[in-house]
K.L.:
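Sharing a structure with you now.
Throughout, protein chains are lettered first and strands after them, A, B, ... in sequence-line order, and every chain is numbered starting at 1.
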Protein chains: 2
Amino acid sequence: MKEGPDIARIAALIGDPARANMLTALMSGKALTATELAAEAGVTPQTASVHLGKMTEVHILQKRKQGRHRYYAIRDENVADVIAGLMGLAEKVGLTRTRTGPRDAALRTARSCYNHLAGDMGVRLFDALYERGYLSRSGEDLRLTDAGHDFFADFGIDFSALDQKTSPMCRECLDWSARRSHLSGNLGRAILDRLIELNWAARDTNSRAIIFTKRGKAAFIDTFG
Amino acid sequence: MKEGPDIARIAALIGDPARANMLTALMSGKALTATELAAEAGVTPQTASVHLGKMTEVHILQKRKQGRHRYYAIRDENVADVIAGLMGLAEKVGLTRTRTGPRDAALRTARSCYNHLAGDMGVRLFDALYERGYLSRSGEDLRLTDAGHDFFADFGIDFSALDQKTSPMCRECLDWSARRSHLSGNLGRAILDRLIELNWAARDTNSRAIIFTKRGKAAFIDTFG
DNA sequence: TTCACACTTCGATCCAGAACGAAGCATTTG
DNA sequence: CAAATGCTTCGTTCTGGATCGAAGTGTGAA
(Lines give C-alpha, C1' and ligand atoms only; values in the text may rest on other atoms or scores of the structure.)
Protein backbone atom coordinates (compact mmCIF):
# COMPACT_ATOMS: atom_id res chain seq x y z
CA MET A 1 0.00 0.00 0.00
CA LYS A 2 2.76 2.40 0.87
CA GLU A 3 6.35 2.64 -0.16
CA GLY A 4 9.10 1.44 2.07
CA PRO A 5 11.01 -1.74 2.82
CA ASP A 6 9.07 -4.99 3.00
CA ILE A 7 9.46 -6.18 6.57
CA ALA A 8 6.99 -8.98 6.17
CA ARG A 9 9.18 -11.23 4.06
CA ILE A 10 12.07 -11.17 6.49
CA ALA A 11 9.94 -11.33 9.61
CA ALA A 12 7.87 -14.19 8.22
CA LEU A 13 11.05 -16.16 7.68
CA ILE A 14 12.12 -15.65 11.26
CA GLY A 15 8.58 -16.30 12.37
CA ASP A 16 8.48 -19.99 11.57
CA PRO A 17 9.19 -22.12 14.66
CA ALA A 18 11.65 -24.40 12.92
CA ARG A 19 13.61 -21.51 11.46
CA ALA A 20 13.47 -19.58 14.71
CA ASN A 21 14.98 -22.56 16.50
CA MET A 22 17.78 -22.71 13.98
CA LEU A 23 18.46 -19.03 14.36
CA THR A 24 18.55 -19.14 18.14
CA ALA A 25 20.98 -22.04 17.91
CA LEU A 26 23.13 -20.00 15.57
CA MET A 27 22.99 -17.00 17.88
CA SER A 28 25.79 -18.60 19.85
CA GLY A 29 28.00 -17.40 17.03
CA LYS A 30 28.92 -20.93 16.09
CA ALA A 31 28.52 -22.23 12.56
CA LEU A 32 26.41 -25.38 12.39
CA THR A 33 25.88 -27.98 9.69
CA ALA A 34 22.56 -28.48 8.00
CA THR A 35 21.99 -31.77 9.79
CA GLU A 36 22.80 -30.33 13.17
CA LEU A 37 20.39 -27.49 12.53
CA ALA A 38 17.72 -29.97 11.49
CA ALA A 39 18.12 -31.66 14.86
CA GLU A 40 17.98 -28.31 16.65
CA ALA A 41 14.79 -27.43 14.86
CA GLY A 42 13.27 -30.86 15.30
CA VAL A 43 12.63 -31.42 11.61
CA THR A 44 13.97 -33.76 8.95
CA PRO A 45 17.02 -32.79 6.87
CA GLN A 46 14.86 -32.24 3.80
CA THR A 47 12.75 -29.67 5.57
CA ALA A 48 15.79 -28.04 7.11
CA SER A 49 17.39 -27.77 3.72
CA VAL A 50 14.45 -25.79 2.38
CA HIS A 51 14.48 -23.49 5.41
CA LEU A 52 18.20 -22.88 5.20
CA GLY A 53 17.94 -22.18 1.50
CA LYS A 54 15.33 -19.51 2.04
CA MET A 55 17.22 -17.83 4.82
CA THR A 56 20.42 -17.83 2.81
CA GLU A 57 18.58 -16.34 -0.14
CA VAL A 58 17.58 -13.21 1.77
CA HIS A 59 21.04 -12.95 3.33
CA ILE A 60 20.01 -13.78 6.84
CA LEU A 61 22.40 -16.69 6.82
CA GLN A 62 25.78 -17.35 5.33
CA LYS A 63 26.62 -20.68 3.74
CA ARG A 64 30.07 -22.18 3.86
CA LYS A 65 30.91 -25.40 2.15
CA GLN A 66 33.42 -27.62 3.87
CA GLY A 67 33.98 -31.14 2.60
CA ARG A 68 30.63 -32.78 2.39
CA HIS A 69 29.15 -30.49 5.02
CA ARG A 70 27.47 -27.14 4.65
CA TYR A 71 28.11 -24.83 7.54
CA TYR A 72 25.55 -22.14 8.17
CA ALA A 73 26.06 -19.04 10.29
CA ILE A 74 24.30 -15.78 11.03
CA ARG A 75 25.15 -13.43 8.20
CA ASP A 76 26.31 -10.36 10.10
CA GLU A 77 25.92 -8.13 13.12
CA ASN A 78 22.78 -6.48 11.78
CA VAL A 79 20.94 -9.76 11.60
CA ALA A 80 22.17 -10.76 15.04
CA ASP A 81 20.98 -7.45 16.44
CA VAL A 82 17.48 -7.89 15.10
CA ILE A 83 17.24 -11.41 16.48
CA ALA A 84 18.58 -10.26 19.81
CA GLY A 85 15.96 -7.53 19.78
CA LEU A 86 13.22 -10.03 19.10
CA MET A 87 14.53 -12.15 21.95
CA GLY A 88 14.28 -9.14 24.19
CA LEU A 89 10.68 -8.49 23.21
CA ALA A 90 9.71 -12.14 23.62
CA GLU A 91 11.43 -12.35 26.97
CA LYS A 92 9.62 -9.29 28.27
CA VAL A 93 6.25 -10.79 27.45
CA GLY A 94 7.26 -14.09 28.98
CA LEU A 95 7.35 -16.11 25.79
CA THR A 96 9.86 -18.88 26.39
CA ARG A 97 10.46 -22.22 24.76
CA THR A 98 10.42 -25.51 26.54
CA ARG A 99 13.81 -26.62 27.67
CA THR A 100 15.37 -30.00 27.14
CA GLY A 101 17.99 -31.82 29.14
CA PRO A 102 21.56 -30.56 29.20
CA ARG A 103 23.65 -31.33 26.17
CA ASP A 104 26.53 -33.70 26.27
CA ALA A 105 29.43 -31.73 27.65
CA ALA A 106 31.97 -34.30 26.51
CA LEU A 107 31.36 -33.32 22.89
CA ARG A 108 32.22 -29.77 23.68
CA THR A 109 35.54 -30.55 25.30
CA ALA A 110 36.86 -32.92 22.68
CA ARG A 111 35.40 -34.69 19.68
CA SER A 112 36.37 -35.86 16.26
CA CYS A 113 35.56 -33.59 13.37
CA TYR A 114 35.74 -35.91 10.36
CA ASN A 115 39.14 -37.21 11.26
CA HIS A 116 40.74 -34.50 13.33
CA LEU A 117 40.42 -33.11 16.81
CA ALA A 118 37.74 -30.53 17.54
CA GLY A 119 36.11 -28.98 20.58
CA ASP A 120 37.86 -27.01 23.28
CA MET A 121 40.97 -29.19 23.07
CA GLY A 122 41.14 -28.73 19.32
CA VAL A 123 40.80 -24.99 19.55
CA ARG A 124 43.39 -24.83 22.29
CA LEU A 125 45.79 -26.84 20.18
CA PHE A 126 45.29 -24.59 17.20
CA ASP A 127 45.86 -21.44 19.20
CA ALA A 128 49.01 -22.79 20.80
CA LEU A 129 50.52 -23.85 17.49
CA TYR A 130 49.79 -20.50 15.94
CA GLU A 131 51.19 -18.64 18.91
CA ARG A 132 54.42 -20.57 18.91
CA GLY A 133 54.95 -19.81 15.25
CA TYR A 134 54.42 -23.38 14.06
CA LEU A 135 51.58 -22.27 11.85
CA SER A 136 51.45 -19.18 9.69
CA ARG A 137 48.63 -17.70 7.72
CA SER A 138 49.00 -16.14 4.29
CA GLY A 139 45.66 -14.95 3.05
CA GLU A 140 43.27 -17.84 3.10
CA ASP A 141 46.00 -20.45 3.32
CA LEU A 142 47.47 -21.99 6.39
CA ARG A 143 51.08 -23.18 6.28
CA LEU A 144 53.25 -25.31 8.54
CA THR A 145 56.47 -23.43 9.28
CA ASP A 146 59.89 -25.12 9.35
CA ALA A 147 59.89 -24.90 13.13
CA GLY A 148 56.47 -26.52 13.12
CA HIS A 149 57.69 -29.26 10.81
CA ASP A 150 60.58 -30.06 13.17
CA PHE A 151 58.28 -29.94 16.19
CA PHE A 152 55.80 -32.43 14.79
CA ALA A 153 58.55 -34.68 13.47
CA ASP A 154 59.75 -34.87 17.08
CA PHE A 155 56.18 -35.58 18.14
CA GLY A 156 56.20 -38.66 15.97
CA ILE A 157 54.39 -37.56 12.83
CA ASP A 158 55.56 -39.40 9.72
CA PHE A 159 55.92 -36.66 7.15
CA SER A 160 57.23 -38.97 4.47
CA ALA A 161 53.70 -40.26 3.98
CA LEU A 162 51.98 -36.90 4.44
CA ASP A 163 54.15 -35.05 1.95
CA GLN A 164 53.08 -37.34 -0.85
CA LYS A 165 49.39 -36.52 -0.55
CA THR A 166 47.86 -33.93 -2.82
CA SER A 167 45.28 -32.68 -0.35
CA PRO A 168 46.33 -29.71 1.80
CA MET A 169 48.50 -30.29 4.84
CA CYS A 170 46.90 -27.67 7.03
CA ARG A 171 43.39 -26.36 6.92
CA GLU A 172 41.34 -24.20 9.18
CA CYS A 173 38.10 -25.75 10.35
CA LEU A 174 35.21 -23.94 11.99
CA ASP A 175 34.49 -25.29 15.43
CA TRP A 176 30.88 -25.32 16.50
CA SER A 177 31.32 -25.67 20.24
CA ALA A 178 33.81 -22.86 20.43
CA ARG A 179 33.42 -20.11 17.88
CA ARG A 180 37.09 -20.37 16.94
CA SER A 181 38.98 -22.42 14.40
CA HIS A 182 40.80 -25.66 14.87
CA LEU A 183 43.32 -27.53 12.76
CA SER A 184 42.10 -29.70 9.92
CA GLY A 185 43.83 -31.17 6.87
CA ASN A 186 46.30 -34.03 6.67
CA LEU A 187 48.27 -32.75 9.61
CA GLY A 188 45.15 -32.44 11.71
CA ARG A 189 44.27 -35.99 10.94
CA ALA A 190 47.79 -37.22 11.64
CA ILE A 191 47.83 -35.51 15.00
CA LEU A 192 44.61 -37.15 16.14
CA ASP A 193 45.88 -40.52 14.93
CA ARG A 194 49.08 -40.02 16.87
CA LEU A 195 47.19 -39.00 20.02
CA ILE A 196 45.29 -42.28 19.88
CA GLU A 197 48.42 -44.21 19.00
CA LEU A 198 50.09 -42.79 22.11
CA ASN A 199 47.04 -43.82 24.19
CA TRP A 200 46.58 -40.21 25.24
CA ALA A 201 43.01 -40.43 24.02
CA ALA A 202 40.45 -42.78 22.50
CA ARG A 203 37.35 -42.47 20.36
CA ASP A 204 34.04 -43.01 22.09
CA THR A 205 32.16 -45.83 20.44
CA ASN A 206 28.72 -44.27 20.64
CA SER A 207 29.43 -40.67 19.76
CA ARG A 208 31.93 -38.40 18.18
CA ALA A 209 33.46 -37.69 21.58
CA ILE A 210 37.17 -38.10 22.10
CA ILE A 211 37.95 -39.32 25.61
CA PHE A 212 41.29 -38.24 27.02
CA THR A 213 42.97 -40.32 29.71
CA LYS A 214 44.23 -38.46 32.76
CA ARG A 215 47.82 -39.09 31.76
CA GLY A 216 46.97 -38.22 28.19
CA LYS A 217 45.42 -34.93 29.08
CA ALA A 218 48.37 -33.96 31.24
CA ALA A 219 50.81 -34.91 28.49
CA PHE A 220 48.73 -33.00 25.92
CA ILE A 221 48.81 -29.85 27.99
CA ASP A 222 52.49 -30.33 28.69
CA THR A 223 53.26 -30.70 25.01
CA PHE A 224 50.93 -28.13 23.45
CA GLY A 225 49.52 -26.05 26.25
CA MET B 1 14.01 -27.76 21.61
CA LYS B 2 16.25 -25.50 23.61
CA GLU B 3 15.57 -23.01 26.31
CA GLY B 4 15.44 -19.33 25.56
CA PRO B 5 12.92 -16.75 24.44
CA ASP B 6 10.45 -17.69 21.74
CA ILE B 7 11.23 -15.41 18.84
CA ALA B 8 8.87 -17.18 16.51
CA ARG B 9 5.65 -15.90 18.02
CA ILE B 10 6.65 -12.27 17.81
CA ALA B 11 8.34 -12.52 14.43
CA ALA B 12 5.39 -14.43 12.97
CA LEU B 13 3.11 -11.61 14.02
CA ILE B 14 5.28 -9.05 12.28
CA GLY B 15 5.65 -11.43 9.36
CA ASP B 16 2.09 -11.20 8.10
CA PRO B 17 1.78 -8.69 5.23
CA ALA B 18 -1.31 -7.01 6.63
CA ARG B 19 0.21 -6.58 10.07
CA ALA B 20 3.53 -5.50 8.62
CA ASN B 21 1.76 -2.76 6.67
CA MET B 22 0.05 -1.58 9.82
CA LEU B 23 3.33 -1.52 11.69
CA THR B 24 5.14 0.43 9.00
CA ALA B 25 2.30 2.93 9.01
CA LEU B 26 2.63 3.24 12.77
CA MET B 27 6.39 3.66 12.52
CA SER B 28 5.76 7.32 11.80
CA GLY B 29 5.11 7.59 15.51
CA LYS B 30 1.51 8.57 14.94
CA ALA B 31 -1.34 6.76 16.57
CA LEU B 32 -3.91 5.49 14.09
CA THR B 33 -7.46 4.24 14.47
CA ALA B 34 -8.41 0.66 13.70
CA THR B 35 -10.25 1.69 10.56
CA GLU B 36 -7.37 3.75 9.28
CA LEU B 37 -5.04 0.85 9.87
CA ALA B 38 -7.40 -1.46 8.05
CA ALA B 39 -7.17 0.82 5.04
CA GLU B 40 -3.39 0.94 5.31
CA ALA B 41 -3.23 -2.82 5.38
CA GLY B 42 -5.76 -3.26 2.62
CA VAL B 43 -8.08 -5.49 4.64
CA THR B 44 -11.58 -5.17 6.07
CA PRO B 45 -12.13 -3.77 9.57
CA GLN B 46 -13.00 -7.21 10.95
CA THR B 47 -9.69 -8.65 9.85
CA ALA B 48 -7.80 -5.62 11.07
CA SER B 49 -9.46 -5.93 14.45
CA VAL B 50 -8.17 -9.47 14.86
CA HIS B 51 -4.67 -8.45 13.83
CA LEU B 52 -4.59 -5.49 16.17
CA GLY B 53 -5.86 -7.62 19.00
CA LYS B 54 -3.05 -10.11 18.56
CA MET B 55 -0.38 -7.46 18.39
CA THR B 56 -1.72 -5.72 21.45
CA GLU B 57 -1.78 -9.01 23.31
CA VAL B 58 1.96 -9.52 22.97
CA HIS B 59 2.63 -5.85 23.77
CA ILE B 60 3.82 -4.87 20.37
CA LEU B 61 1.08 -2.29 20.19
CA GLN B 62 -0.60 -0.03 22.67
CA LYS B 63 -4.33 0.54 22.60
CA ARG B 64 -5.92 3.82 23.57
CA LYS B 65 -9.63 4.31 23.67
CA GLN B 66 -10.90 7.70 22.66
CA GLY B 67 -14.60 8.23 22.13
CA ARG B 68 -15.77 5.58 19.74
CA HIS B 69 -12.33 5.22 18.25
CA ARG B 70 -9.48 2.95 19.27
CA TYR B 71 -6.09 4.47 18.67
CA TYR B 72 -3.22 2.08 18.22
CA ALA B 73 0.45 2.98 18.49
CA ILE B 74 3.80 1.22 18.62
CA ARG B 75 4.28 0.12 22.20
CA ASP B 76 7.76 1.47 22.94
CA GLU B 77 11.23 2.18 21.67
CA ASN B 78 12.28 -1.46 21.80
CA VAL B 79 9.57 -2.51 19.41
CA ALA B 80 10.36 0.41 17.12
CA ASP B 81 14.02 -0.55 17.13
CA VAL B 82 13.31 -4.10 16.06
CA ILE B 83 11.03 -2.96 13.26
CA ALA B 84 13.59 -0.42 12.14
CA GLY B 85 16.18 -3.18 12.15
CA LEU B 86 13.97 -5.37 10.02
CA MET B 87 13.48 -2.48 7.63
CA GLY B 88 17.23 -2.18 7.39
CA LEU B 89 17.64 -5.85 6.56
CA ALA B 90 14.85 -5.78 4.01
CA GLU B 91 16.21 -2.65 2.40
CA LYS B 92 19.66 -4.14 2.06
CA VAL B 93 18.31 -7.15 0.19
CA GLY B 94 16.19 -4.91 -2.00
CA LEU B 95 12.82 -5.96 -0.68
CA THR B 96 10.53 -2.98 -1.17
CA ARG B 97 6.79 -2.58 -1.37
CA THR B 98 4.95 -1.00 -4.25
CA ARG B 99 4.33 2.69 -3.82
CA THR B 100 1.06 4.52 -4.26
CA GLY B 101 0.30 8.10 -5.15
CA PRO B 102 1.09 10.91 -2.72
CA ARG B 103 -1.27 11.36 0.19
CA ASP B 104 -3.56 14.29 0.51
CA ALA B 105 -1.51 17.06 2.03
CA ALA B 106 -4.57 19.10 2.96
CA LEU B 107 -5.55 16.57 5.60
CA ARG B 108 -2.21 16.98 7.25
CA THR B 109 -2.41 20.74 7.55
CA ALA B 110 -5.92 20.96 8.91
CA ARG B 111 -8.81 18.55 9.32
CA SER B 112 -11.67 17.82 11.60
CA CYS B 113 -11.13 15.19 14.25
CA TYR B 114 -14.68 14.26 15.28
CA ASN B 115 -15.71 17.81 15.90
CA HIS B 116 -12.53 19.69 16.65
CA LEU B 117 -9.51 20.94 14.77
CA ALA B 118 -6.65 18.57 14.06
CA GLY B 119 -3.59 18.47 11.86
CA ASP B 120 -0.72 20.92 11.92
CA MET B 121 -3.03 23.83 12.68
CA GLY B 122 -4.59 21.97 15.57
CA VAL B 123 -1.25 21.05 17.05
CA ARG B 124 0.00 24.58 16.66
CA LEU B 125 -3.08 25.88 18.43
CA PHE B 126 -2.64 23.49 21.30
CA ASP B 127 1.02 24.36 21.76
CA ALA B 128 0.32 28.08 21.72
CA LEU B 129 -2.46 27.85 24.31
CA TYR B 130 -0.34 25.77 26.60
CA GLU B 131 2.64 28.07 26.21
CA ARG B 132 0.61 31.17 27.03
CA GLY B 133 -0.68 29.56 30.20
CA TYR B 134 -4.28 29.21 29.00
CA LEU B 135 -4.14 25.49 29.51
CA SER B 136 -2.58 23.64 32.41
CA ARG B 137 -2.00 19.98 32.94
CA SER B 138 -2.47 18.21 36.25
CA GLY B 139 -1.74 14.54 35.90
CA GLU B 140 -3.90 13.14 33.17
CA ASP B 141 -6.30 16.05 33.22
CA LEU B 142 -6.21 19.18 31.17
CA ARG B 143 -7.70 22.37 32.62
CA LEU B 144 -8.59 25.76 31.21
CA THR B 145 -7.02 28.47 33.37
CA ASP B 146 -8.81 31.67 34.34
CA ALA B 147 -6.68 33.60 31.88
CA GLY B 148 -7.67 31.07 29.24
CA HIS B 149 -11.32 31.45 30.15
CA ASP B 150 -11.12 35.20 29.70
CA PHE B 151 -9.22 34.86 26.45
CA PHE B 152 -11.78 32.56 24.87
CA ALA B 153 -14.69 34.60 26.16
CA ASP B 154 -13.14 37.50 24.24
CA PHE B 155 -12.78 35.22 21.22
CA GLY B 156 -16.52 34.72 21.22
CA ILE B 157 -16.99 31.36 22.93
CA ASP B 158 -20.28 31.12 24.81
CA PHE B 159 -19.30 29.54 28.10
CA SER B 160 -22.78 29.71 29.53
CA ALA B 161 -23.72 26.76 27.31
CA LEU B 162 -20.45 24.91 27.69
CA ASP B 163 -20.36 25.06 31.48
CA GLN B 164 -23.61 23.15 31.73
CA LYS B 165 -22.35 20.08 29.89
CA THR B 166 -21.14 17.13 31.89
CA SER B 167 -18.51 16.00 29.40
CA PRO B 168 -15.02 17.41 29.92
CA MET B 169 -14.21 20.91 28.73
CA CYS B 170 -10.65 20.19 27.66
CA ARG B 171 -9.20 16.97 26.45
CA GLU B 172 -5.97 16.01 24.84
CA CYS B 173 -6.30 14.23 21.53
CA LEU B 174 -3.60 12.32 19.75
CA ASP B 175 -2.90 13.74 16.34
CA TRP B 176 -2.02 11.28 13.59
CA SER B 177 -0.43 13.65 11.12
CA ALA B 178 1.80 15.25 13.68
CA ARG B 179 2.87 13.05 16.57
CA ARG B 180 1.75 15.69 19.05
CA SER B 181 -1.49 16.37 20.85
CA HIS B 182 -4.21 18.77 19.92
CA LEU B 183 -7.19 20.14 21.84
CA SER B 184 -10.34 18.11 22.10
CA GLY B 185 -13.37 18.25 24.41
CA ASN B 186 -16.17 20.74 24.48
CA LEU B 187 -13.84 23.67 24.16
CA GLY B 188 -12.11 22.08 21.17
CA ARG B 189 -15.43 21.65 19.50
CA ALA B 190 -16.54 25.18 20.32
CA ILE B 191 -13.36 26.62 18.86
CA LEU B 192 -13.80 24.87 15.55
CA ASP B 193 -17.44 25.96 15.41
CA ARG B 194 -16.40 29.54 16.07
CA LEU B 195 -13.70 29.40 13.37
CA ILE B 196 -16.33 28.39 10.85
CA GLU B 197 -18.78 30.94 12.19
CA LEU B 198 -16.17 33.65 11.66
CA ASN B 199 -15.62 32.39 8.10
CA TRP B 200 -11.97 31.84 8.86
CA ALA B 201 -12.34 28.27 7.68
CA ALA B 202 -14.84 25.81 6.19
CA ARG B 203 -15.32 22.06 6.12
CA ASP B 204 -14.51 20.33 2.87
CA THR B 205 -17.54 18.47 1.63
CA ASN B 206 -15.70 15.39 0.38
CA SER B 207 -13.19 14.80 3.12
CA ARG B 208 -12.36 15.64 6.68
CA ALA B 209 -10.17 18.50 5.51
CA ILE B 210 -10.68 21.97 6.96
CA ILE B 211 -10.00 24.65 4.36
CA PHE B 212 -8.76 27.96 5.74
CA THR B 213 -9.33 31.16 3.79
CA LYS B 214 -6.33 33.42 3.27
CA ARG B 215 -7.80 36.03 5.61
CA GLY B 216 -8.79 33.30 8.03
CA LYS B 217 -5.34 31.79 8.18
CA ALA B 218 -3.74 35.19 8.77
CA ALA B 219 -6.24 35.97 11.51
CA PHE B 220 -5.72 32.53 13.09
CA ILE B 221 -1.97 33.04 13.24
CA ASP B 222 -2.46 36.56 14.51
CA THR B 223 -4.75 35.38 17.28
CA PHE B 224 -3.12 32.12 18.35
CA GLY B 225 0.29 32.00 16.64
C1' DT C 1 34.82 -49.69 -7.72
C1' DT C 2 31.22 -49.80 -3.95
C1' DC C 3 29.44 -48.09 0.16
C1' DA C 4 28.21 -44.55 3.40
C1' DC C 5 27.06 -40.07 4.46
C1' DA C 6 25.60 -35.03 3.87
C1' DC C 7 22.71 -32.55 1.51
C1' DT C 8 19.27 -31.20 -2.03
C1' DT C 9 15.13 -31.51 -5.14
C1' DC C 10 10.56 -33.27 -6.32
C1' DG C 11 5.89 -34.43 -5.34
C1' DA C 12 2.07 -35.00 -2.35
C1' DT C 13 -0.30 -34.13 1.94
C1' DC C 14 -2.23 -31.46 5.36
C1' DC C 15 -3.20 -27.77 8.55
C1' DA C 16 -2.71 -23.16 10.88
C1' DG C 17 -4.32 -18.98 10.22
C1' DA C 18 -5.85 -15.03 7.14
C1' DA C 19 -9.90 -13.35 5.15
C1' DC C 20 -14.66 -11.90 4.96
C1' DG C 21 -20.00 -11.88 5.67
C1' DA C 22 -23.14 -11.41 9.21
C1' DA C 23 -24.41 -10.03 13.51
C1' DG C 24 -23.64 -7.70 17.97
C1' DC C 25 -22.03 -3.89 21.15
C1' DA C 26 -20.70 0.91 22.19
C1' DT C 27 -20.61 5.70 21.22
C1' DT C 28 -21.97 9.78 19.01
C1' DT C 29 -25.29 12.48 16.24
C1' DG C 30 -29.72 14.32 15.05
C1' DC D 1 -35.76 8.16 20.67
C1' DA D 2 -33.64 6.31 16.04
C1' DA D 3 -29.84 6.36 12.86
C1' DA D 4 -25.03 6.33 11.83
C1' DT D 5 -20.46 5.14 12.83
C1' DG D 6 -16.44 2.58 14.84
C1' DC D 7 -15.14 -1.54 16.38
C1' DT D 8 -15.44 -6.43 17.79
C1' DT D 9 -16.99 -11.43 17.82
C1' DC D 10 -18.58 -15.57 15.49
C1' DG D 11 -18.57 -18.96 11.96
C1' DT D 12 -17.03 -20.44 7.52
C1' DT D 13 -14.06 -20.77 3.63
C1' DC D 14 -9.81 -21.30 1.51
C1' DT D 15 -5.00 -21.08 0.51
C1' DG D 16 0.14 -20.54 1.44
C1' DG D 17 3.51 -22.94 3.17
C1' DA D 18 5.53 -26.44 6.38
C1' DT D 19 6.32 -31.17 6.40
C1' DC D 20 7.98 -35.63 4.97
C1' DG D 21 8.85 -39.85 1.75
C1' DA D 22 11.38 -40.93 -2.11
C1' DA D 23 14.80 -40.23 -5.22
C1' DG D 24 18.98 -37.69 -7.01
C1' DT D 25 23.81 -35.32 -6.49
C1' DG D 26 28.26 -34.84 -4.57
C1' DT D 27 31.95 -36.00 -1.34
C1' DG D 28 34.71 -39.03 1.43
C1' DA D 29 35.97 -43.78 2.99
C1' DA D 30 37.22 -48.72 2.12
K.L.:
What is the distance, to the nearest angstrom, from the CG atom on B:L61 to the C1' atom on D:dT8?
P.N.:
16 Å
K.L.:
Whole Å only: how far is the CG atom of B:N21 from the C1' atom of C:dA19?
P.N.:
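Computing the B:N21:CG to C:dA19:C1' distance gives 15 Å.
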K.L.:
With sequence neighbours excluded, what pairs up with A:E197 under the salt bridge (Lys or Arg N to Asp or Glu O under 4.0 Å) test?
P.N.:
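With neighbours one apart ignored, the set is A:R194.
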K.L.:
In chain order, what residues pass the side-chain hydrogen bond (donor to acceptor under 3.5 Å, both in side chains) check against B:D158, with sequence neighbours excluded?
P.N.:
B:S160
K.L.:
With heavy-atom distances below 4.5 Å as the criterion, would you say the side chains of A:I60 and A:V82 are in contact?
P.N.:
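Of all side-chain heavy-atom pairs linking A:V82 with A:I60, none is under 4.5 Å.
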K.L.:
Using a 4.5 Å cut-off on heavy atoms from C-beta on, say whether the side chain of B:M22 contacts that of B:L52.
P.N.:
yes
K.L.:
Which whole-number value in Å describes the distance from B:N186 CG to C:dT28 C1'?
P.N.:
13 Å
K.L.:
Of the nucleotides C:dT8, C:dA26, D:dG6, which one has an atom closest to the side chain of B:K65?
P.N.:
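Nearest nucleotide to the side chain: C:dA26.
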K.L.:
Are there more than 12 heavy atoms of other residues, nucleotides or ligands under 6.0 Å from atom CZ of B:R124?
P.N.:
no
K.L.:
Could you go through the salt bridge (Lys or Arg N to Asp or Glu O under 4.0 Å) check for A:D76 and B:K92 one step at a time?
P.N.:
CA-CA 12 Å; A:D76 56 32; B:K92 195 183 288 180; 3.7 Å; yes
K.L.:
Rounding to a whole Å, what distance do you find between A:R68:CZ and D:dG24:C1'?
P.N.:
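So the CZ-C1' distance, A:R68 to D:dG24, works out to 17 Å.
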K.L.:
In this structure, how many angstroms lie between the P atom of D:dT27 and the CD atom of A:Q66, rounded?
P.N.:
14 Å
K.L.:
At under 4.0 Å between heavy atoms, how does the protein contact nucleotides 10-20 of chain D? Give one character per nucleotide, 5' to 3', with B, S or -.
P.N.:
--------SSB
K.L.:
Quickly work out the A:E36 CD to C:dA6 P distance and round it to whole Å.
P.N.:
10 Å
K.L.:
What's the closest nucleotide to the side chain of B:S49 if the choices are C:dT8, C:dT29, D:dT8?
P.N.:
D:dT8
K.L.:
Just the rounded figure in Å: distance from P of C:dC25 to CZ of B:R70.
P.N.:
15 Å
K.L.:
Quick one: B:L52 CG to C:dA18 C1', roughly how many Å, whole number?
P.N.:
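Rounded to the whole Å, the gap is 14 Å.
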